[in-house]
Structures are given as structure tokens and as C-alpha cells.
Amino acid sequence: SMGTLSKEERIRLSDSAKQFVESPVMNGVFTSLLKSYMSELIATPAGDDRVKHIHAKIVGLEDIKKDLQALVNDGTMIRNR
């Protein structure tokens, strides 16, 4: 957990997450996956069992983005203290 890391370790983790989040490769992969999932969702009939699975993939992708952004924000908060 973040609470067990030192201030310096949290800043290093935050910097690493920031580099990753701002990477053109990462942004390309996330954008490509989201487009793919959305296309899959649009092509799937509403009552189909696959809708839940596709929705879970989209939510998972968004959760990863949120967690990475939380790491970036943590480092920013520490620096501004």
C-alpha cells in the first residue's frame, strides 16, 4: 500500500506513473483498445451475454487510467506540502 512507502519512494512512483501516462505509446494503446471495445459493443446486440464482458473490459481500462492518475496526483500533493 502507498502508506508503507517513504515520501521519496512515493515521489519516484508518481514520476514513473506520470512518464507512463504521458507516453505516446501508452496513449496509443489505451485509445486503440477503447476504440476496439466500443466497436465491439456497438456490433453486439443489446441482450447478448457478451455485452457484460465488453463493458467489464471498458471499465477495467478506465480503472487502470484512474489508478495511474491517482499515483501521479499523490506525487504532486507530496511536492506541494
Side-chain angles (χ1 to χ4, degrees):
S1 105
M2 295 290 287
T4 60
L5 299 176
S6 73
K7 182 177 173 178
E8 292 76 21
E9 288 170 322
R10 287 170 62 189
I11 287 173
R12 269 198 305 277
L13 188 60
S14 171
D15 290 346
S16 181
K18 186 173 171 43
Q19 267 190 314
F20 184 70
V21 167
E22 293 176 354
S23 153
V25 171
M26 196 289 293
N27 280 306
V29 168
F30 272 71
T31 300
S32 174
L33 283 171
L34 189 56
K35 280 183 185 174
S36 171
Y37 297 161
M38 293 306 289
S39 295
E40 196 180 346
L41 189 60
I42 290 165
T44 306
D48 196 303
D49 287 343
R50 290 174 297 169
V51 170
K52 285 181 184 175
H53 178 70
I54 299 163
H55 179 263
K57 291 196 285 188
I58 294 169
V59 170
L61 198 58
E62 292 302 315
D63 284 348
I64 292 168
K65 283 181 173 177
K66 277 186 220 160
D67 278 11
L68 286 167
Q69 191 57 53
L71 289 172
V72 173
N73 295 347
D74 182 60
T76 304
M77 252 181 14
I78 292 169
R79 281 192 172 93
N80 292 336
R81 279 186 191 152

| message | By the salt bridge (charged side-chain N to carboxylate O under 4.0 Å, His left out) test, which pairs, at least two apart or in different chains, include something from residues 21-30? | response | Lys18-Glu22
| request: Identify whether Met38 and Val29 are in the same connected component of the hydrophobic contact network (ILVMFWY, side-chain heavy atoms under 4.5 Å). | output: yes
| task | Mark yes when over 12 heavy atoms from residues, nucleotides or ligands other than Asp49 sit less than 6.0 Å from its CG; otherwise mark no. | result | no
| message | Is there a side-chain contact (heavy atoms from CB on, under 4.5 Å) between Leu34 and Glu62? Walk through the geometry before answering. | response | CA-CA 9 Å; Leu34 189 56; Glu62 292 302 315; 4.1 Å; yes
| said: Quick one: does any side-chain atom of Asp74 pair with a main-chain N or O of Ala70 as donor and acceptor, under 3.5 Å? | reply: no
| query | Under a 4.5 Å cut-off applied to non-hydrogen side-chain atoms, are Leu5 and Arg12 in contact? | reply | no
| task | Answer yes if the side chains of Gln19 and Asp15 hold a donor-acceptor pair under 3.5 Å, and no otherwise. | result | no
| message | Rounded to the nearest 0.5 Å, what separates atom CD1 in Ile64 from atom CG in Leu61? | response | 6.0 Å
| message | Under 4.5 Å between side-chain heavy atoms, counting indirect links through other Ile/Leu/Val/Met/Phe/Trp/Tyr residues: same cluster for Leu33 and Met26 or not? | response | yes
| task | Please say whether more than 12 non-hydrogen atoms of neighbouring residues, nucleotides or ligands are located less than 6.0 Å from NZ in Lys7. | result | no
| task | Starting at CG of Leu41, measure out to NE2 of His55 and round the result to the nearest 0.5 Å. | result | 8.5 Å
| Separation between CD1 of Ile54 and NZ of Lys52, rounded to the nearest 0.5 Å | 13.0 Å
| field | Interatomic spacing from CE in Met77 to OG in Ser14 - rounded to 0.5 Å | value | 10.0 Å
| Gap between atom CG of Asp63 and atom CG of Leu68 - 0.5 Å precision | 11.0 Å
| query | What pairs meet the side chain to side chain donor-acceptor pair (under 3.5 Å) rule with one or both residues in residues 26-44, with sequence neighbours excluded? | reply | Glu40-Lys57
| query | Roughly how far, to the nearest 0.5 Å, is the CD1 atom of Ile58 from the NE2 atom of His53? | reply | 10.5 Å
